[in-house]
Amino acid sequence: MDLSRVVWRKSRRSDNGGANCVEIASVGDLIAVRNSKKPEGPNLAFDRAAWEAFTNRIRGGEHDL
């Protein structure tokens, strides 16, 4: 998947000026995710249904540390 031209965005809630967070980008029918500290590193891609399920679990507190 070519991600060289996608627009990455960070959460408004990211801490440390956005240095410790993930970035996401919409790529067709997928959501791409990368580590903001290593943007050249590996990326993950999720279909929209999987991404929505994951973010709903986060909002519900399922993944609180």
Side-chain angles (χ1 to χ4, degrees):
M1 176 176 9
D2 180 15
L3 300 174
S4 62
R5 296 181 186 251
V6 300
V7 177
W8 293 94
R9 63 185 179 98
K10 297 177 188 177
S11 170
R12 292 177 300 220
R13 296 181 181 186
S14 62
D15 64 349
N16 193 20
N20 294 323
C21 65
V22 297
E23 298 173 310
I24 66 167
S26 179
V27 185
D29 293 335
L30 300 174
I31 301 295
V33 182
R34 72 181 183 181
N35 182 336
S36 63
K37 291 190 285 186
K38 292 192 167 202
E40 72 287 346
N43 301 298
L44 301 173
F46 300 91
D47 66 42
R48 291 186 184 274
W51 181 252
E52 184 176 343
F54 174 65
T55 57
N56 285 338
R57 288 191 304 269
I58 290 173
R59 285 185 199 104
E62 187 174 326
H63 299 291
D64 287 350
L65 299 177

Ser36 side chain to Cys21 backbone, donor-acceptor under 3.5 Å: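 Yes, Ser36 side chain to Cys21 backbone: donor-acceptor pair under 3.5 Å.
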Which heavy atom of [X] sits nearest to which heavy atom of [Y], and what is that distance?
| X | Y | result |
| --- | --- | --- |
| Met1 | Ala45 | CE-CB, 3.4 Å |
| Val33 | Phe46 | CG2-CE1, 3.7 Å |
| Ala32 | Trp8 | O-CZ3, 3.5 Å |
| Ile31 | Ser26 | CD1-CA, 4.3 Å |

Roughly how far, to the nearest 0.5 Å, is the [atom2] atom of [Y] from the [atom1] atom of [X]?
| X | Y | atom1 | atom2 | value |
| --- | --- | --- | --- | --- |
| Arg48 | Thr55 | CZ | OG1 | 11.5 Å |
| Leu30 | Ile24 | CG | CD1 | 12.5 Å |
| Glu40 | Leu3 | CD | CG | 13.0 Å |
| Lys10 | Arg34 | NZ | CZ | 8.5 Å |

Shared hydrophobic cluster for Trp51 and Leu44 (ILVMFWY, side-chain gaps under 4.5 Å): yes
More than 12 heavy atoms of other groups within 6.0 Å of Asp29 CG: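 Counting neighbours around CG of Asp29, 12 or fewer heavy atoms of other residues, nucleotides or ligands fall under 6.0 Å, so no.
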